[in-house]
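Read the structure below first, then the notes.
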Amino acid sequence: MIRLRRKLHIYGALRAYRSGPSTRFHMPGHKGSCRALSAGARCDITELPFSGCLEDGSGVIGRAQEDIAELLGAAFAEILTDGSSVGVWAMLYAARAAGAREVILPRNAHKSAYSACAVLGLRPVPLENPARGGVFVPPSAKQAEEALGREPGAAVFVTSPDYFGACADLPALRRACDARGALLLVDGAHGAFLRFDAAASDRYAGKYADLWVDGSHKTMATLTQGALLCGRDRRLHVYVREGLDLFRTTSPSYPVMASVEYGVKLMAERGAAYCARVRADLAAARERLLNAGIACFPSETLVLAPDLGTAGLYPHEMAAALRAKGIYAELETDRHLLFYNSPFTPRGALPRLAKRMAKLEERLPRSAALPAGPVACTERAVGYAEALRAPFEWVPFAHSVGRVCARNAGVTPPCYPVALAGERISEGAARALERASHTFGTEGGKVAVLREQA
């Protein structure tokens, strides 16, 4: 752990308890002695008089959250230990409590947004995503503005940046929401670092959103599942707290909470330099790949996404060759490999990766046809809520084409539905589900569809 100038409230309390004499008649069951599994087990504790409580934001947790809010330019910050998804649920709960009954959102929003709509009784109003370079990009502010004209009481939910590092036009969305008195909610799970990146800080969700989620563990020095839900309007805080009380765990991980505080404070002190170094390596890697005939998707974050399809290469062949050398990509599509970076990507790793890919390019098999673009159904046959309530059956992917989807189904990652409840399943969506290594909303090679009347 890098020593920081700023005080670490949560980790400081854990370290003091770990170092002193104690007899642990409290949870968790390993009693701090599970060293074969984790050397940090002695820091894994429960709510004690000195350790505060996440549910009421007291003690060291409350002080950590106050510091985080100040560093992020927020009115309040809530540490999450259930990942960004619970933050999405709480944001949408807050929107409903504030009066919204519809949510305007990108068609490729994370599955948690659609799940929250189903449970909270919100009607999702999906905006079709434009595609660029074989990748979905965020809908335009004009699309959202037009949707607000049709749904004047709706909240607007956007994903920015997305998995591929494409950012929404947040300033224009802010103006559109202000003109209609609508809440702007941002799933910024992939952009927590942007607040401290001098080259892209104007894209940080917190500059524009009423409420936003930072997926700290994705791009900061934070343990998996560590995240934040922040807001600019204190009047929404009571609704956020109500939502979190409903949805998040009552057994939060103290090491995860400590790592969220550490991740933000480390970035506040050193993040600009880390980001600049990685961006320089990223530029060098892209140039090396371009010289080898491999263009990259123009990510606005730290993602490297070589477009192997346009170079006549099979991404899965390239990924397999790289894995043979111990190199693992975050995501494979039929056209791209996605290498997910953060300010902590090791120095020189990206240029070395590009050099290896350039050599592999010379000997891997070629494809004559450019793969199809991203897939999502577009024909709505039944209302979202109606489809979720209707009788359904499970059918094999290949037999689902033309049937009406009864449960959201998609590929993970990136965890957005290729077929939403109430949509007619297209041939492309069925094929995407059948070919994917990992899916959600499916069972044993089958997808749920509405029963057809005899």
Side-chain angles (χ1 to χ4, degrees), residues 85-130 136 138-160 162 168-170 172-188 205 208-213 229 231-233 235-236 238-240 242-243 246-247 376-390 404-408 410 416-417 419-424:
S85 294
V86 76
V88 170
W89 279 72
M91 280 200 300
L92 291 173
Y93 176 91
R96 187 182 185 282
R101 291 298 176 267
E102 297 82 28
V103 180
I104 297 164
L105 74 175
R107 177 59 183 72
N108 72 336
H110 190 269
K111 70 173 188 176
S112 60
Y114 289 104
S115 298
C117 285
V119 171
L120 295 170
L122 292 163
R123 181 169 65 88
V125 182
L127 301 179
E128 295 306 319
N129 292 79
F136 280 138
S140 68
K142 184 178 180 181
Q143 287 175 271
E145 189 173 12
E146 291 172 349
L148 279 171
R150 298 187 298 271
E151 311 284 352
V156 175
F157 177 100
V158 297
T159 306
S160 184
D162 60 20
D169 187 350
L170 293 178
L173 285 165
R174 179 73 268 169
R175 292 191 294 270
C177 289
D178 286 343
R180 295 281 182 174
L183 288 176
L184 177 58
L185 317 175
V186 179
D187 177 0
Y208 310 98
D210 294 296
L211 297 173
W212 72 96
V213 171
L229 172 52
R232 296 197 305 161
D233 187 341
R235 291 173 296 181
L236 294 173
V238 63
Y239 300 141
V240 166
E242 287 176 4
L246 287 172
F247 302 129
C377 299
T378 58
E379 182 185 349
R380 177 155 292 281
V382 176
Y384 185 70
E386 181 184 352
L388 292 172
R389 292 192 300 265
V404 178
C405 194
R407 298 290 184 271
N408 300 338
Y416 70 82
L420 285 169
E423 290 182 335
R424 201 170 296 281

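Values below: every heavy atom of this structure, side chains too, minus hydrogens, waters and symmetry copies.
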- [ ] Could you tell me how the ring of Y93 sits relative to the ring of F247: parallel (under 30°), tilted (30 to 60°) or perpendicular (over 60°)?
- [x] perpendicular

Task: CD1-CG distance between I104 and L183, expressed to the nearest 0.5 angstrom - done: 11.5 Å

- [ ] Give, for atom CG of D178 and atom CZ of R175, the distance between the pair rounded to the nearest 0.5 Å.
- [x] 9.5 Å

Open item on the list: Any side-chain to backbone donor/acceptor pair from N129 onto N108? Under 3.5 Å, distance only.
Closed with: yes

- [ ] Can you measure from CG (L236) to CG (L211) and round to the nearest 0.5 angstrom?
- [x] 5.0 Å

Open item on the list: Would you say that R407 contacts L388 through its side chain, given a criterion of any heavy-atom pair below 4.5 Å between the two side chains?
Closed with: yes

TODO: Can you see which heavy atom on Y114 is nearest to which on P106, and at what distance?
DONE: OH-O, 3.0 Å

TODO: Drop me the distance from F157's CZ to M91's CE, to the nearest 0.5 angstrom.
DONE: 4.5 Å

Open item on the list: I'd like to check L420 versus R107 (side-chain heavy atoms, cut-off strictly below 4.5 Å). Are they in contact?
Closed with: yes

Open item on the list: I'd like to check V238 versus E242 (side-chain heavy atoms, cut-off strictly below 4.5 Å). Are they in contact?
Closed with: yes

Got a list of side-chain donor-acceptor pairs under 3.5 Å for residues 95-102, not counting sequence neighbours?
{"unit_1": "R96", "atom_1": "NE", "unit_2": "L120", "atom_2": "O", "d": "2.7"}
{"unit_1": "R101", "atom_1": "NH1", "unit_2": "R96", "atom_2": "O", "d": "3.1"}

Open item on the list: Tell me whether Q143 contacts the main-chain N or O of S140 through its side chain, where contact means a donor paired with an acceptor under 3.5 Å.
Closed with: yes

Task: Residue pair H110, D187: steps toward the side-chain contact (heavy atoms from CB on, under 4.5 Å) verdict - done: CA-CA 9 Å; H110 190 269; D187 177 0; 4.1 Å; yes

- [ ] Walk me through it: do L170 and V158 pass the test side-chain contact (heavy atoms from CB on, under 4.5 Å)?
- [x] CA-CA 9 Å; L170 293 178; V158 297; 4.0 Å; yes

TODO: Measure across R380 and G422 and return the closest heavy-atom pair with its distance rounded to 0.1 Å.
DONE: NH1-CA, 3.5 Å

Open item on the list: Apply side-chain contact (heavy atoms from CB on, under 4.5 Å) to residues V119 and W89 and explain how you reach the verdict.
Closed with: CA-CA 9 Å; V119 171; W89 279 72; 3.4 Å; yes

TODO: Locate the shortest heavy-atom distance separating W212 from A205; write the atom from each residue and the value.
DONE: CB-CB, 4.0 Å

- [ ] Give me the one residue out of R235, R232, R174 that meets side chain to side chain donor-acceptor pair (under 3.5 Å) with D210.
- [x] R174

- [ ] Mind listing the closest non-hydrogen atom pair of A141 and L173 along with its distance?
- [x] CA-CD2, 3.8 Å

Open item on the list: Under a plain distance cut-off of 3.5 Å, with no hydrogens placed, do D169 and Y208 share a side-chain donor-acceptor pair?
Closed with: no

Task: Minimum heavy-atom distance P126-P124, with the two atoms named - done: CD-O, 3.4 Å

